[in-house]
Structure formats: structure tokens, C-alpha cells
Amino acid sequence: MTADLGNNPSKRTGRLLALVLACATVALISMGTVWPNQSGSGVADPNAQLIASSSSPEAAVDSLLDQVARRDWNSAYELLGNKGEFTETDFVRDLTGAYGSLRSYASLDRFDTQSLHASSDQAQIRAHMLWSSVVGTFEDSRDLKVVRNGSHWQVAWPLVKEAVVPPQVIPVNYLRWDVIYRGAQDDWGAQDVEAPHVRIVAMHPVDRAGEVIIMGEILNEDVVPAFVTVKATLLDKKGSAIATEDSFDKISHVLLPKQVSPFRIDFRNVSMSQVDSVRMQPASNLVPASADPVIGIESQKLAPVPDASLSGQLVNQGGQVVNVAHVIATFYDGSGQIVWVADQYPSRALLPQTPVPFLISLPADVSAKARTYRTIATTYISSRFQ
Amino acid sequence: MRQAIPFLLAVAMWTSSAMAQSSSLQFPASIEAGTAFSVPTSGSGPATLYIVGPGDALQRKFQLGESIAFGADDLHNAGHYLAILAAGSSTQSTQFDVVASRQPAALSFLAKPSRLPVNLPNGVSGVAYIFDVFGNLVLQPQQVSFELSDESGAEQTRTADSHDGVAWVRMNSASKAGSARFQASDANVRATRIVQEVPGEPCAIHMMATPATGQRVLLQTEPVRDCNGNPVPDGTIVTFTETYAGRQSTVDVPLKRGIAQTELPAQAGALISAASGVVLGNEIRWSAR
């Protein structure tokens, strides 16, 4: 049995280390209080306690966007310098959208700011907001005018007024397919409705950044609507499966007769050198479907680098509000081969006859190859699921 | 006394064996399903008959020397059966077959596909399985006739002999779209299926363009038909594409009442085209008016 008399050298070293850590902690807390973080980026934490500051243009913008991230619309609206130009309802509608659009269910994930111009009583700051939604993230960029008001700064919010369709009656001849399947009581020889005939009309695998991407197009060659999926299996030289994936949301799952959809299947952590062949498995089911609404994709333009993108406008030609739209574009090179498939979910709802912009970003190398493109739009209407 | 026990057991076994031998089990080698029959027995004393077959197991208690009667519904599943007679400690077994009735009572008719394009040679297949009243496959050759009649009344008829209970044919789809009746019949038994004969690919798409309100152009196709003159079904997508000054507008429009119609921005010099699936239509160069 041994007794610890307190003069052990290792114990003395531990006490010294604890003292140093305590001093360092106090010093760092003091530095953080006296010189707070001045970088122009923020992580939106809805649970964070707000320390409202408007001592500088950047701080005023940060405070405002913090409140937006917390969905504390009233506090955010109170921080604005141009409240007289619009109501709080208009402000909230600008940020959260309307008609159950993608914005309605999104939250501000993070933001960063960039000072464009500053003077003693006025500044221009670009705010990049990254919103997270059920289908991924989307960006919203606003140039904010910040003006000095006495000792503090206030943001003049550039309101984007969402279009409002006046009350009216829009006559539409809807076309719809309903399906009656065979029943459990039917004889085993009794017919069932035939699954739609679909065909892959193009397929192109590429090796990109160490992963295999399979892109292609699928055609519904039948006279009835089809719910389609495309599954791909990568096989090695021995014919063994390396990986299996499906196109998930990089496809229009409901195809009307003679409609073509692009598809894209990403295999992460698989390189092309491992792959000997690919087994494609298109599948289709007959489903009830509606032929409406028709979506026009207008004024599409391919922009070159540095802002390589495909932009355009979606126009809902029907009379029903489309809550969420999905744009999928196929890009072809000069020989007509598919070089890329990309998509975007516009954050605003599609109101009848009201254009909504979309923008699909392209990698620079793809932009250099892309000569032509083909775009389709799919729609999600909440009332159909009720 | 202990030495006498094996002797007594041997005598008992011999006696029971002799009794079993005296009770013979004489099933017919083959019985048609659904027929009544009886099996005579000989000997005396109580006995139990067990019959085990596909989907059936029977137990009958009777007195040896009597006939065992089977009703029309007792043995109806076709297949191979085993009969075991147990009398006292002895058993005797025999095997026999139950075969399907010669009289067809039902057809299971598979017509594939249930939907196909018009004018497709050998596009429809019909397979008929012939069953008796008990659901046994009738293995004796039967002549089955198949008849495919379209909405205009035109008929194709073929006959086929069944092999092992199955008869099949291939038929052509008609040139006129509509619901075709596909019927298989054997004696007085028939089964009918409906085959949808649908229009094929659009043969030609012809589009017209006229000015619309608000700097828009109204695009409308003529009624779209396949190469046999059948109207292409409503809902079929026609894609309109307009290209101008490095920009492009597209819209996928379903046919309604045979035509596709939409509006796109009116751009002077724009090239407008229409297509459906892999079929291309005409092109229009739009000039400002």
C-alpha cells in the first residue's frame, strides 16, 4: 500500500496544464467578446439566441438573416428600413412563397454576404442565401441596400412581389386515364391490364471525377401513361455485379404516350476501369394519370462559361396551380450524343399563365461540349394527393 | 415357458399374414375422375382402407368380404394414388391412377398481349388450357378453335389440337383499331378475352401556325393519324419546338380530340417544328406580320 503525499512530479505537471488551459480559455473568451467575428458568412441556427446588432451594414444584414433563419418574421420585418413600402405579409410571402411551393417548406440553412459598395451612410451588400428543402438546396441572391439611420444601420429589403392571379374561371378539357386491375377473385387465366411498353432510346455512360454516371433517354411507346423507373447494374469482367442504382429523381417518372424523359444514374465510388458492361433494367407500370397541366418551357438560353447554365421560363398553360415543378434537361454534343443530364426545382409555384424563371447550372467542361439541349418539366400538385 | 414365447409370436405373425393374404385389394389400374366404382374385398373381420393421393386422403372402415363403394365425388383429383388396407396387424397396399374426365368443362384462356398496335403479324398469342369439371387438365388431344374478330366484324379463325392439355395459336392484329374479341372454344366450352388493337405510330404530323393575342403564335396540328388511317389516341404527346436567335421554347402537348394545340412566343424568323416520339412533323418559319 502506498500513500499519495501530493508531491508527485506528474501531478504537479497536470496542475500546471490545467492552469494554462484555464488562462487560455479566459483569454479567448475575452478576445471573442472584444473583437467579434467579422467574416461575411453565417450559419443559420434556428435555436441560437439573437444578439441583434446594427452597428455596421454587415451586422445589420446578418441580424436580419438570422431572424429569417429563425422564421421570426415579425422581428425580421421590424429590422427593415423600408417597412412603409410593403406589409409584413408581403415580406413573408416573398421569403416563404405561396400556394404550397418549395419555399413554403424550406428553411434558411446558411448565408454569406459580400459588400459591393459602402459609404458613410449607405452600403450595398449582396446576400447569398442557401435554403434547404425536401428536394435539396436552392439559392436565393439579393442585393440589399443598407442605410444609416442615426447610430445604426437598417436594411431596405428589395421585395420580389409574387404574382397573384385574379379570381377567374379557366375552362379546361381535362384528359385522364383511370385503370381497373384484375381482382383477386378472377380466374388465373383472366387477363390483366398490360404494362405499358417503354424503351430506352439512348444510353451513354461517362467517367467523371472518379465516379460512373449513366445518362440516357426513355420513351413510352405505348398509348397509355406509364410510371417508369430505370435501374442500372455495373458488371465486372467476370459478370459479377459491382453496384446497382436507379435514377431516383433524375427522371420524369410519369410518361404520357410517346413522351420521352431523360434519366441519370450516379454511381459513387465506382470508377469506369472496374466496369466491363452495364445491365439496364427499365420498368413500367400502368398508372392513373392526367394529361394536364401543360407546361411551356420558353426563352431557354444556353449561357457559356463563366456562368455556364441553361436558363428559361416555365409557363403553366393550364388552369390549376402547380405547387412544385421539376425541370430536367438533356444536353447533346455536335454528334447528338448525350453529354449531360441536369435538373432544377424552381422554388416558386406555377400560377396559370405566369412565367417562373429557372436556371440549371452546367459544369464548364460540359458547357464546352453542349451544342443542343432538350428540356422537360414535371409537376406536383398537392390537391391530387388529397 | 420362456422358450415357448418366440414360438407363439411366430405363430401369431403367420396367422395375421395368412389373414391379410386372404383379403385381396383389387383396385382398377385407372379410374376416370368423377366416376363411381366399388372394390370387392375378401376375408373377414374389421379392416380400414386408407387412400392417399394428390390433394386427397380418405379413410374407410369396413368389414372384409364386403365391397367398398366410392361415390362420384370421392376421388376427383387426377393423379397417382396409394391405397393401404389395414386389417388387424397386417397391411396390404396397391396403387392406381385417377385420370381427368374426357369431357372438357372449362378453358383457361391466356390472350397476350391485351393491348397491341394494329397490323402486327402474329402479334396476338392465344393459349388455351383444357380442364374437366374437377379442374383436372384434360390430357387427351382435343381440337380447340380460336376466333379473333375486330369491331368491323372481320374474323380470323384457326384450330389447333391440344398437346398435354394445352392448345395455342398466333394471330395477326387487324388494321382497324378497336376492341377485338378473342375466343377459344372446345365442344361446348368457350372463353372470351378482349384485345385492344391500338393505333400505331403517327404517320405524319402536319402543323399550322396562326397569330394569337399578346405577341403569341397559335400552333395547331391537323388530326393525327397512323399509317392505317386510325386516329392516334388522345393523350399522345406532341412536342412543339421553337428556335430563334439562340433561344428555344418547347412544350409537350397531349392530343385532345385528335389535335394538339398550344401557344408560344411569336418571334420573327423563328423556326417551329413538331414531333411525336420518334416521328417528326413539318417545320414552319414564322415571319412577323
Side-chain angles (χ1 to χ4, degrees), chain A residues 172-177 182 187-197 199 201 217 219-225 252 255-261 286 289-304 310-315 317 329 353 355 372-378, chain B residues 106-117 127-129 131 177 182 184 191 193-196 198-202 214 216 224 232-257 260-265 267 275-279:
Chain A
V172 178
N173 293 322
Y174 276 99
L175 177 64
R176 188 181 156 75
W177 294 261
R182 65 177 282 179
D187 174 61
W188 66 273
Q191 279 172 308
D192 201 358
V193 285
E194 191 88 4
H197 298 179
R199 182 161 57 99
V201 290
E217 289 177 309
L219 162 70
N220 176 7
E221 52 186 5
D222 215 317
V223 297
V224 291
S252 171
L255 288 186
L256 299 183
K258 305 294 185 281
Q259 194 169 26
V260 178
S261 170
L286 184 55
S290 169
D292 291 281
V294 172
I295 307 296
I297 309 170
E298 300 185 359
S299 305
Q300 300 169 70
K301 189 176 185 190
L302 206 52
L310 174 70
S311 60
Q313 291 180 331
L314 301 180
V315 180
Q317 298 186 354
Q353 310 299 332
T372 56
Y373 53 89
R374 187 177 165 281
T375 315
I376 63 165
T378 60
Chain B
L107 290 178
S108 269
F109 184 30
L110 302 181
K112 296 277 181 180
S114 62
R115 186 179 61 254
L116 81 165
V127 181
Y129 293 80
F131 295 98
F182 195 9
R193 301 285 180 251
I194 300 296
V195 175
Q196 295 286 338
V198 299
E201 295 286 339
R216 310 279 288 179
V224 182
V232 170
D234 277 2
T236 301
I237 290 293
V238 175
T239 303
F240 293 96
T241 305
E242 180 190 41
T243 52
Y244 54 95
R247 288 177 181 265
Q248 179 174 295
S249 295
T250 55
V251 58
D252 282 354
V253 182
L255 288 178
K256 286 182 180 174
R257 294 178 182 168
Q261 176 180 306
T262 191
E263 287 185 8
L264 285 175
Q267 303 287 346
S276 181
V278 293
V279 179

Could you state the interatomic distance from [atom1] ([X]) to [atom2] ([Y]), rounded to the nearest 0.5 Å?
X	Y	atom1	atom2	result
A/I297	B/D252	CD1	CG	7.0 Å
B/L264	A/E298	CG	CD	6.0 Å
A/K258	B/T239	NZ	OG1	12.0 Å
B/I237	A/I376	CD1	CD1	10.0 Å
B/S114	A/R182	OG	CZ	11.5 Å

Quick one: are A/S299 and B/Q248 in side-chain contact, heavy atoms under 4.5 Å?
no
Highest number of heavy-atom pairs under 4.5 Å with chain B among A/L255, A/L256, A/V315, A/L302 belongs to A/L256
Heavy-atom pairs under 4.5 Å with chain B - which of A/H197, A/Q259, A/E221 has more of them than the others?
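Of the options given, most contacts go to A/Q259.
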Go through the atoms of [X] and report whether side chain, backbone, both or neither lie under 4.5 Å from a heavy atom of chain A.
X	answer
B/P202	side chain
B/L255	backbone
B/E263	backbone
B/Y244	side chain
B/P113	both

Look at [options] and state which one has the largest set of heavy-atom pairs under 4.5 Å with chain A.
options	value
B/T243, B/D234, B/V253	B/D234
B/S276, B/G277, B/G235	B/G235
B/R247, B/K112, B/Q196	B/R247

Where does [X] contact chain B at under 4.5 Å (heavy atoms): side chain, backbone, both or neither?
X	answer
A/A303	neither
A/D222	side chain
A/V201	neither

Is there a donor-acceptor pair under 3.5 Å between the side chain of B/R115 and the backbone N or O of A/E194?
yes
Between B/K256 and A/D292, is the closest basic N to carboxylate O distance under 4.0 Å?
yes
Show the nearest heavy-atom pair for residues B/V278 and A/L219, with the distance to one decimal.
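That would be CG1-CD2, 4.3 Å.
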Looking only at heavy atoms, what is the nearest atom pair of A/V294 and B/P254, with distance?
CG2-CD, 3.4 Å
Are B/S249 and A/Q300 linked by a side-chain donor-acceptor pair shorter than 3.5 Å?
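Their side chains do not contain a donor-acceptor pair, so the 3.5 Å distance test is not met.
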